[in-house]
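Letters go in sequence order (proteins before strands), and every chain restarts at 1.
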Number of protein chains: 2
Amino acid sequence: MAVHGARSRSGGRPTLEEVAARAGVGRGTVSRVINGSPRVSDATRAAVEAAVAELGYVPNTAARALAANRTDAIALVVPEPETRFFAEPYFSDMLRGVGAELSETEMQLLLIFAGSDRERQRLAQYLAAHRVDGVLLVSVHADDPLPDLLSQLEIPAVISGRRSAEETLPSVDSDNYGGGRAAVEHLVSRGRSRIGHLAGRMDVYGAQRRVDGYRQGLRDAGREVDDRLIVPGDFTEEGGRRAMSLLLERFPDLDAVFAGSDVMAAGARQVLRESGRRIPDDVALIGYDDSAIARHMDPPLTSVRQPIEEMGRAMIDLLLGEIADRRPAASRGLEKRQLVLPAELVVRASS
Amino acid sequence: MAVHGARSRSGGRPTLEEVAARAGVGRGTVSRVINGSPRVSDATRAAVEAAVAELGYVPNTAARALAANRTDAIALVVPEPETRFFAEPYFSDMLRGVGAELSETEMQLLLIFAGSDRERQRLAQYLAAHRVDGVLLVSVHADDPLPDLLSQLEIPAVISGRRSAEETLPSVDSDNYGGGRAAVEHLVSRGRSRIGHLAGRMDVYGAQRRVDGYRQGLRDAGREVDDRLIVPGDFTEEGGRRAMSLLLERFPDLDAVFAGSDVMAAGARQVLRESGRRIPDDVALIGYDDSAIARHMDPPLTSVRQPIEEMGRAMIDLLLGEIADRRPAASRGLEKRQLVLPAELVVRASS
DNA sequence: AGGTACTGTGGGAGCGCTCCCATCAGTGAT
DNA sequence: ATCACTGATGGGAGCGCTCCCACAGTACCT
């Protein structure tokens, strides 16, 4: 006996069916118009669009997701505590690029932090429920289980940077090798003869590549590479200080330092100052990341800039491609799915 | 002729039906167990849970959303460009509180920026599609159309701060009045006799209340309020400088200043310095927000602290209540739905 | 013994959409 | 005039869940 009128549970919102009735067409046709199918005559399309406008029709996402098995949403997963996310400009730049590129589409972006174990647990559950069509993974460490979980669940994903030379996931990286090389080349061209390198954490592939670039830069200049000139730090200021002290101890006649990050360069600067050395007169200093630190340092720090915002855009492009190409599972090779964007040396007063 | 086997479009994920078959019960029973209904015997529940575990069953959110007309997601809407979001600790603190409180539930948080017109357009579309069960609105200006859109769409929402004394939406605010009063009380107790106030933008209700508190603080001390001691700024550093200059011009014998924000206090400090006045010896200075600026200022700035993280938690509590109480539409009054959390004076060397 | 009131359970009827097959009218070739 | 296509359209059959009614079983009354 129950009368199921137009005003159902969904709060009186119009449905596809109602739009179809209004436009005097079938359900399928309205669906085609909504989804931009070309197989609709112009007259029909116009009629449907008018009905949509009159009724203020908005598609029900849940119904669409259920029927089409897609969510029109992707997640930006940050496997870090929220604090780091806000502290580092890297993330905000990345987010800007991602947001810009995504605003061209109908896709929705979710921001998910997975710093704590508890949060990672929730994330796993979330992914298992397939609540997103794809995932953007930033700042992943070499031993993170997340990428494997993703491929196991067959969720398209793109990673920023790469975990190793054999990265299997689609990825967008910047040219750490070229960046390292450019830094050294610059120092050589300024007549520096003994150039040290404060390396980053060696379990980060990008840091390894910077070292490789440093080596090659020296070789290009016809110099021998003395491994004792390479001191590992850990990307922190304190690490930079320690590494710098050690380097100075080994080579009192050092006249240039290439640090694997601006933060380490800041630590190095302190040690150089304390030892009475002037920058750049006695020792030239170069950092990496071109962060705010670099611009505000005294003297302003020469640094290697990564096009982070552009990397964000590229990641979205790749991911959308992956999602669209879902049908011929793993058809294309990896070649076109791993991008490396150029890094650029920004010269300032420290070198 | 088509055979619709167990492995359907959804990528072979088990369904409720399959779990039911496995556990030897009906569909309804499994649903009850999944949703924690008490109307299930212990034995049956155990059997179902075992089946869920064996099959690795995860509910299909889209189907649930469609059938139950809810999304289990809420949005934190920031009507500001992303840049400001990252720049101000207010948001990151808020996000931390919100995230913490939400992690106790099954709800998913979406972060949505609506700084540009284009983004606002998208947001409106998003809300019209009812893709979230509720909305948290932070940093809303008096004339923002968003709150009205929300109530028109009948989407539960909670606002941080309030737009005016007659705020109609559920809200969580801090006690700006009490904070202003406490600041003045403190200055009076330190023997300051001529106390100025650098007010914030007067279209922000909280700024008005700080002024009210300032006034009452003086009255409490039995002093007369001279309106020329109150100079409006605009919450910026430059505004703080201008207001401070004006104030100093009017009252060269000023011996205390209460600024409506730490940033304005920073501007004021510069002007005070330039005029040769020492802080706190000649002039005491108090800010508002207790931000990083306050702690790092020279001398460290006395400031009024708002419990932002706690406000975030409270907003979630309120919102979840609103969502749960959807049935008796607008039943409860507003009394219990507008919280005011205490502000606290953090005394440092500047006063 | 017959009622009354639970509790626990099964399963039909949707939710609003997409997918896809059937249908129909039009077009050009035979 | 007939046949084979093609493009445009209608609508059935799900997608996987929740809601709710119906029904069996048990317990407690009169």
Side-chain angles (χ1 to χ4, degrees), chain A residues 1-21 23-48 52 55 57-72 106 129-131 327, chain B residues 1-21 23-48 52 55 57-72 106 129-131 327:
Chain A
M1 247 340 166
V3 178
H4 293 284
R7 199 168 315 162
S8 58
R9 268 187 282 168
S10 66
R13 281 201 290 147
T15 69
L16 241 208
E17 194 92 45
E18 288 167 40
V19 173
V25 300
R27 205 163 12 80
T29 303
V30 177
S31 177
R32 266 168 231 127
V33 172
I34 299 291
N35 294 292
S37 158
R39 315 214 141 287
V40 181
S41 71
D42 288 347
T44 309
R45 179 184 310 278
V48 170
V52 166
L55 263 35
Y57 170 76
V58 180
N60 180 321
T61 348
R64 173 177 288 175
L66 178 58
N69 200 37
R70 66 195 161 83
T71 64
D72 291 326
E106 297 285 87
H130 284 260
R131 292 187 67 167
R327 285 149 302 181
Chain B
M1 244 344 162
V3 177
H4 293 283
R7 200 168 314 163
S8 58
R9 269 188 282 168
S10 65
R13 282 201 288 148
T15 70
L16 242 208
E17 195 91 46
E18 287 166 40
V19 173
V25 300
R27 203 164 13 80
T29 302
V30 177
S31 178
R32 267 169 230 126
V33 172
I34 299 292
N35 293 292
S37 159
R39 314 213 142 288
V40 182
S41 71
D42 288 348
T44 309
R45 164 168 288 116
V48 171
V52 165
L55 261 36
Y57 171 75
V58 180
N60 180 321
T61 349
R64 172 177 289 174
L66 178 58
N69 201 35
R70 66 194 162 83
T71 64
D72 291 326
E106 296 286 87
H130 284 260
R131 291 186 67 166
R327 283 147 305 180

TODO: Give one of base, sugar-phosphate or nothing for B/Thr61, where a contact means two heavy atoms less than 4.0 Å apart.
DONE: nothing
Roughly how many Å is it from [atom1] in [X] to [atom2] in [N], rounded to a whole number?
| X | N | atom1 | atom2 | result |
| --- | --- | --- | --- | --- |
| A/Asp72 | C/dG16 | CG | P | 19 Å |
| A/Arg13 | C/dC15 | CZ | P | 14 Å |
| A/Leu66 | C/dT18 | CG | P | 11 Å |
| B/Tyr57 | D/dG16 | OH | P | 10 Å |
| A/Arg70 | C/dG16 | CZ | P | 18 Å |
| A/Arg45 | D/dG7 | CZ | P | 15 Å |
| A/Asn60 | D/dC17 | CG | P | 17 Å |
| A/Glu17 | C/dC15 | CD | P | 10 Å |

Open item on the list: Expected output is a numbered-order residue list: members of residues 33-43 of chain B with a heavy atom under 4.0 Å from any atom of DNA chain D. What is it?
Closed with: B/Asn35
I want to verify a distance call: between [options], whose nearest atom is closest to the [X] side chain?
| X | options | result |
| --- | --- | --- |
| A/Ala67 | C/dG16, D/dT9, D/dC17 | C/dG16 |
| A/Leu16 | C/dC17, D/dG16, D/dC19 | C/dC17 |
| B/Ala63 | C/dT9, C/dC19, D/dC17 | D/dC17 |

Using a cut-off of under 3.5 Å, enumerate the N/O to N/O pairs linking the protein to nucleotides 23-25 of chain D.
none

Task: Side-chain touch B/Val52/B/Val33, heavy atoms, less than 4.5 angstrom - done: no
Task: Residue pair B/Glu106 / B/Asp72, side-chain heavy-atom distance below 4.5 Å - done: no
Task: Within residues 24-32 of chain A: residues closer than 4.0 Å to DNA chain C (heavy atoms) - done: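 Here the set is A/Arg27, A/Ser31, A/Arg32.
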Holding to side-chain contact (heavy atoms from CB on, under 4.5 Å), I want the full list of residues that pass it with [X], two or more places apart in sequence or in another chain.
| X | value |
| --- | --- |
| B/Ala62 | A/Ala65, A/Leu66, B/Asn60 |
| B/Ala47 | none |
| A/Ala23 | A/Val25, A/Val48, A/Ala51 |

Acceptor/donor pairs from residues 35-42 of chain B side chains to any protein atom, 3.5 angstrom cut, sequence neighbours excluded:
residue : atom : partner : partner atom : Å
B/Asn35 : ND2  : B/Ser31 : O            : 2.8
B/Asn35 : ND2  : B/Ser31 : OG           : 3.4
B/Ser37 : OG   : B/Arg39 : N            : 3.1
B/Ser41 : OG   : B/Thr44 : N            : 3.3
B/Ser41 : OG   : B/Thr44 : OG1          : 2.7

Task: Listed once per pair and sorted, the salt bridge (Lys or Arg N to Asp or Glu O under 4.0 Å) pairs that draw on residues 27-38 of chain B, sequence neighbours left out - done: B/Glu17-B/Arg27
Open item on the list: For the CD1 atom of B/Ile34 and the OH atom of B/Tyr57, what is their distance to the nearest 0.5 Å?
Closed with: 5.0 Å
TODO: Output the distance between atom CG (B/Leu16) and atom OG1 (B/Thr29), rounded to the nearest 0.5 Å.
DONE: 10.5 Å
- [ ] Tell me, please, which residues at least two apart from A/Thr71 pass side chain to side chain donor-acceptor pair (under 3.5 Å).
- [x]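 Checked A/Thr71 against side chain to side chain donor-acceptor pair (under 3.5 Å); matches are A/Asp133.
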Open item on the list: Please report the end-to-end axis angle for the helix from C/dA1-D/dT30 to C/dT30-D/dA1, five pairs per end, rounded to 10 degrees.
Closed with: 50°
Identify the pairs formed between an N or O of the protein and an N or O of nucleotides 22-24 of chain C at a distance under 3.5 Å, and give each distance.
none

